[in-house]
Amino acid sequence: KIQVIVIDLFGSNIDIELTRPDEQFGDFSTNVAMQLTKSVGQNPGEIAEKIRSALKAELPEQIANTEVAGPGFINITLTELALVELLDATPSQSLKGKKILVEYSDPNPFKPLHAGHLYTTLVGDSVARLIQAGGAETIRLNYGGDVGLHAGKSMWAIIKFLGGEKPEELNKIPESERPKWLGERYVEGNSAYEDDESFKAEIVDVNKRVYRLHEDQDKESPFAQIYWQCRKWSYDYFATLYKELEVESFDRFIPESEVTKLGTDTVHEQLQKGVYEESDGAIIFDGEKYGLHKRVFINSEGLPTYEAKDVGLSLTKWQDYHFDESIIITANEQDQYMQVVVKSIEQFEPEPAKRTKHITHGTVKLQGGVKMSSRKGNIVTALEIIESASQAGETSDTNPNEETILAAVKYAFTKNRIGGDIVYDPEESIALEGNSGPYLQYAHARARSILSKINVDDGELSDLQPGERSMVRKIGEYTEVIDKAVQELMPHLICTYLYELAQEFNRFYEKNRVVGDEREAVRTKVVKLYADRLKDGLNLLGITAPEKM
RNA sequence: GCACCCGUAGCUCAGUUGGAUAGAGCGUUGGCUUGCGGAGCCAAAGGUCGUAGGUUCGAAUCCUGUCGGGUGCACCA
């Protein structure tokens, strides 16, 4: 609408950006006038004034007031009618008709789940929810390394523990201790590999046997029985965590073993065509030609590295889904690695490479910047994080139930912009005051409690008083926020908004009685709209909104 | 050495396709309580936006240098 006026007046069709300014300035604001200063050759105040008066004349029904302020902002205050109409808007489903793959979580069988896995799982879940909210056909993928050196290390230590290749010995390990037991074996195998040359050689050999077992589709040999049994234990363990977290379930688990052959074959094939090259007995891709670095895809033992398997994975995704977009979420240490892999694929299969987007996040640290490592063994496991939230709740006056604990952890991990490291503080996450999941749950429950005491029908939103208008204004921003969060794939935008919304409500609530007031009907409508948005927003984050707490 | 990410209040973070007095929470200090869930509200103190330049009418935001932290740079994942 402003666009048209600008074109009429100045013949310029720049994009008009409407922002939500501080409430004192109005409902919308734009700085076009300042942007036009140069091309038009008039001072911003004059330009703004022309646009302002034209705009006001054009839309008398929608615009109550406009003014030019500061260096040349045009501030627009909507009429009550227009403001209320904004409430009917729904998120724009901008991804409708697209098929989008989201790969995240990616735990490796035979290795323990540490706090980082919890983080990446929750980030992935919230991003996938956004994509789904955008209307896309969303396919959740989980890729895991069931072959590779780590599996070799674990298998070596497992066999040693069992006193040989004796699968029946596995039955002696109680079900509840299996995840921990597997984690300990990995740590043992890893230390052995690093500390002792002869152990290292043995492990390399075990690693080869694991690959061979897949090629031969061996399920019978004692070695294979141990492998498949422990692999299953790992997957069971992952399933337990996902269930506990109440994250959306994955559409497909793709173990590395499933894509190894395709990846290996492709690399060999493209070696002939010059995409990959031989170097010191290994097959590499020379990313330096593209400002990246060199990486080994097939090692000199002839075994595929992670790189080759990722090639297989990408091609598998492309063949099986023909996606519009493929999103991969990992820790940021894989950032440059992934660029090399994707660049190599681009050389012979450009389409899927171009449609692949890598989102990276930072690492989880505990209060005081303590980092966790899975090499040393002193790791914080995923379940321990949840446990710590629960414990922090018990020592406070909260006494949280499961819903609250999950809300605490999920919100703590999604409220920050994806990218940097995050510091997890259990006490802050479970706190009922401040910017936390439980605070928002409480805010919701309190609003529902008010509504449960109401006996009148909703009123029309008209002749709004200032507090009511502020609430309507804030509620009306909901769809804009969702759209932006979907577009940018940034769940934290929703967190920020919901928190602001709850604060706005608390201000309203402080001054305006609902039940029994002469404006009860109108205010009931406001509270209802507020509670519904809060609930929807929390659900988008995978957080429940209980009626009572 | 090269590359990528990060550096905003004591702490944890928003704000970064350039725009109005840089905003929240926690913590600190003071006020509000006969209340629909006070798990709240109001207010104060607290900032050379790492630092030095540059571009611009205008820079936390863009460019360059520099310092500090993290990560990655060949047979690990």
Side-chain angles (χ1 to χ4, degrees), chain A residues 15 17 19 21-22 24-25 29 31 34-35 37-38 43-44 69-73 75 106 108 111 145 148-153 190 193 256 279-285 287-288 291-301 303 305-307 309-310 330-337 339-340 360 362-363 365 367-369 371 374 396-398 412 415-417 419-425 427-428 431-436 438-439 441-443 445-454 492-493 495-496 499-500 503 505-507 509-517 520 523 527 548-549:
Chain A
D15 283 338
E17 194 184 341
T19 55
D22 203 88
Q24 58 172 312
F25 295 123
S29 172
N31 60 5
M34 289 181 279
Q35 292 172 348
T37 310
K38 231 170 206 168
N43 77 50
F73 291 98
N75 291 329
D106 294 357
N108 286 330
K111 281 173 90 170
L149 195 58
H150 67 282
K153 289 170 181 172
N190 192 57
Y193 184 87
E256 275 184 19
S279 175
D280 290 343
I283 301 176
I284 68 159
F285 177 74
E288 288 173 13
L292 305 168
H293 58 266
K294 295 180 182 178
R295 296 203 73 101
V296 170
F297 282 62
I298 309 270
N299 69 21
S300 47
E301 300 274 338
L303 294 178
T305 61
Y306 198 57
E307 285 81 343
K309 296 174 210 167
D310 245 322
T330 72
N332 51 25
E333 61 211 28
Q334 299 197 20
D335 191 11
Q336 292 167 91
Y337 155 80
Q339 285 183 36
V340 175
T360 65
T363 50
K365 293 177 174 174
Q367 194 63 8
K371 211 199 148 187
S374 70
S396 75
D397 49 357
T398 318
K415 74 175 178 179
N416 291 351
R417 186 189 179 98
D421 292 349
I422 69 154
V423 173
Y424 178 70
D425 179 350
E427 289 182 23
E428 190 183 303
L432 288 150
E433 65 276 334
N435 190 1
S436 77
Y439 169 88
Q441 283 186 323
Y442 179 76
R446 191 160 62 159
R448 293 293 176 201
S449 167
I450 294 170
L451 293 172
S452 72
K453 296 184 171 64
I454 299 285
H492 82 284
L493 295 176
C495 296
T496 306
Y499 186 61
E500 286 169 6
Q503 281 183 310
F505 177 75
N506 282 329
R507 275 191 283 273
Y509 172 85
E510 192 74 14
K511 297 228 174 68
N512 303 281
R513 202 179 165 78
V514 179
V515 178
D517 191 89
E520 179 170 0
R523 289 175 181 172
V527 175
K548 286 179 185 164
M549 286 176 74

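Numbered from 1 within each chain, the chains take letters A, B, ... in sequence-line order.
- Residues A/R523 and A/D517 have side chains in contact (heavy-atom distance under 4.5 Å, counting atoms from C-beta outward).
- Using a 3.5 Å distance cut-off with no hydrogens or angles, the side chains of A/T305 and A/K309 do not pair a donor with an acceptor.
- Atom-to-atom, CD1 of A/I422 to P of B/rC5 comes out at 20 Å; the value is rounded to the nearest Å.
- Contact annotation: A/Y499 does not reach the phosphate of B/rC13 (side-chain N/O to OP1 or OP2, under 4.0 Å).
- Rounded to a whole angstrom, the distance from the P atom of B/rC13 to that of B/rA52 is 25 Å.
- Using P as the reference atom, B/rC49 and B/rA9 are 10 Å apart when rounded to the nearest Å.
- Between the CG atom of A/N506 and the C1' atom of B/rG40 there is a distance of 6 Å, given to the nearest Å.
- Put simply, the side chain of A/I450 reaches to within 4.5 Å of the side chain of A/Y509, judged on heavy atoms.
- A straight line from NZ of A/K365 to P of B/rC11 spans 15 Å, rounded to a whole angstrom.
- Shown here, B/rG53 forms a base pair with B/rC63; the pair counts as Watson-Crick or G-U wobble because both key distances fall under 3.5 Å.
- Counting any heavy atom pair closer than 4.0 Å across all strands shown, A/N512 reaches a base atom.
- Look at B/rC36: it lacks any Watson-Crick or wobble partner with both distances under 3.5 angstrom.
- B/rA20 and B/rC36: their C1' atoms are spaced 38 Å apart (whole Å).
- One atom, CD of A/E510, and another, P of B/rG37, lie 14 Å apart when rounded to the nearest Å.
- Annotation for A/H492 and A/K415: closest pair CB-O, 3.2 Å, computed over non-hydrogen atoms.
- The A/R507 side chain lies nearest to B/rC41 when the options are B/rA74, B/rC41, B/rA14.
- The base-pairing partner of B/rG58, taking Watson-Crick or G-U wobble contacts with both distances under 3.5 Å, does not exist among the strands shown.
- When all heavy atoms are compared, the tightest approach of A/R295 to A/E307 is NE-OE2, 2.7 Å.
- Using a 4.0 Å heavy-atom criterion, one finds that A/A445 contacts the bases of the nucleic acid, with or without backbone contacts as well.
- Here the P atom of nucleotide B/rG25 and the CG atom of A/D425 are 17 Å apart, to the nearest Å.
- Using atom P as the reference point in both B/rA45 and B/rA24, the two lie 13 Å apart (nearest Å).
- Under the Watson-Crick or G-U wobble criterion, with both distances below 3.5 Å, B/rA20 is left unpaired in every strand shown.
- Here A/E301 lies out of heavy-atom contact (under 4.0 Å) with every strand.
- Using a 4.0 Å heavy-atom criterion, one finds that A/I450 contacts the bases of the nucleic acid, with or without backbone contacts as well.
- Relative to the side chain of A/R417, the nucleotides B/rU16, B/rG25, B/rG19 differ in distance, and B/rU16 lies closest.
- The C1' atoms of B/rA14 and B/rC6 are separated by 16 Å, rounded to the nearest whole Å.
- Checked against B/rG37, B/rA77, B/rG72, the side chain of A/K453 finds its nearest nucleotide in B/rG37.
- At the phosphate of B/rC4, neither OP1 nor OP2 sits under 4.0 Å from any side-chain N or O atom of A/H293.
- If you check distances only, the side chain of A/S29 does reach the base of B/rA20 with a donor-acceptor pair under 3.5 Å.
- For the 3.5 Å distance criterion, the side chains of A/S29 and A/N75 qualify, holding a donor opposite an acceptor.
- Distance CD (A/Q334) to C1' (B/rA77): 7 Å, rounded to an integer number of Å.
- With contacts defined as side-chain heavy-atom distances shorter than 4.5 Å, the pair A/L292/A/F285 does not qualify.
- Toward the 5' end of RNA chain B, the nearer of the two residues A/A69 and A/K511, judged by each one's closest nucleotide, is A/A69.
- No hydrogens or angles were tested; on distance alone, a donor-acceptor pair under 3.5 Å links the side chain of A/S279 to the base of B/rA74.
- Which of B/rA14, B/rC41, B/rA77 sits closest to the side chain of A/N108 comes down to B/rA77.
- At the heavy-atom level, A/S449 lies under 4.0 Å from base atoms of the strands shown.
- Across all strands shown, A/D335 has heavy atoms under 4.0 Å from sugar-phosphate atoms exclusively, and none from any base.
- When all heavy atoms of A/S436 and A/E428 are compared, the pair lying nearest together is CB-O, 3.9 Å.
- Using a 4.0 Å heavy-atom distance criterion, A/T305 is classed as a sugar-phosphate-only contact.
- In this structure, A/F25 reaches the bases: a heavy-atom distance under 4.0 Å links it to at least one base atom across the strands shown.
- Considering only side-chain atoms of A/D421, the nucleotide from B/rA14, B/rG70, B/rA77 that sits closest is B/rG70.
- Comparing the P positions of B/rA60 and B/rG54 gives an interatomic distance of 15 Å, to the nearest angstrom.
- An OP1 or OP2 oxygen of B/rG38 is reached within less than 4.0 angstrom by a side-chain nitrogen or oxygen of A/R446.
- If you take CZ on A/F73 and OG1 on A/T19, they are separated by 7.5 Å, rounding to the nearest 0.5 Å.
- In this structure, A/Y509 atom OH and B/rG38 atom P are separated by 4 Å, rounded to whole Å.
- Side-chain nitrogen and oxygen atoms of A/Q35 include none within less than 4.0 Å of the OP1 or OP2 phosphate oxygen of B/rG18.
- For A/Y306, whose side chain is taken as the heavy atoms from C-beta onward, the closest listed nucleotide among B/rA77, B/rG19, B/rC13 is B/rA77.
- At the heavy-atom level, A/N75 lies under 4.0 Å from base atoms of the strands shown.
- Side-chain nitrogen and oxygen atoms of A/K309 include at least one within less than 4.0 Å of the OP1 or OP2 phosphate oxygen of B/rA77.
- From A/H293, atom NE2 reaches atom CD1 of A/I284 across 11.0 Å, with rounding to the nearest 0.5 Å.
- Of the nucleotides present, B/rA44 is the one that pairs with B/rU28 by Watson-Crick or G-U wobble criteria, both distances under 3.5 Å.
- The gap from the P atom of B/rU61 to that of B/rC2 amounts to 24 Å, rounded to the nearest Å.
- Among the protein residues, A/E500 comes within range of no part of the nucleic acid, since none of its heavy atoms lies under 4.0 Å from any strand.
- Nucleotides B/rA22 and B/rG50, compared at atom P, are 15 Å apart to the nearest Å.
- Searching all strands for a Watson-Crick or G-U wobble partner of B/rU71 with both distances below 3.5 Å returns B/rA3.
- Nearest-nucleotide positions on RNA chain B for A/H150 and A/G420 put A/G420 closer to the 5' end.
- As a whole-Å value, the separation of A/Q336 CD from B/rG70 C1' is 12 Å.
- When heavy atoms are screened at a 4.0 angstrom cut-off, A/S436 is found touching no nucleic acid atom at all.
- Centre separation under 5.5 Å together with a plane angle under 30° does not hold for the ring of A/Y442 and the six-membered base ring of B/rG37, so they are not marked as stacked.
- Taking only distance into account, the side chain of A/E427 never meets the base of B/rU12 through a donor-acceptor pair shorter than 3.5 Å.
- With distances taken from any side-chain atom of A/R295 to the nucleotides B/rA20, B/rC13, B/rC73, the minimum falls on B/rC73.
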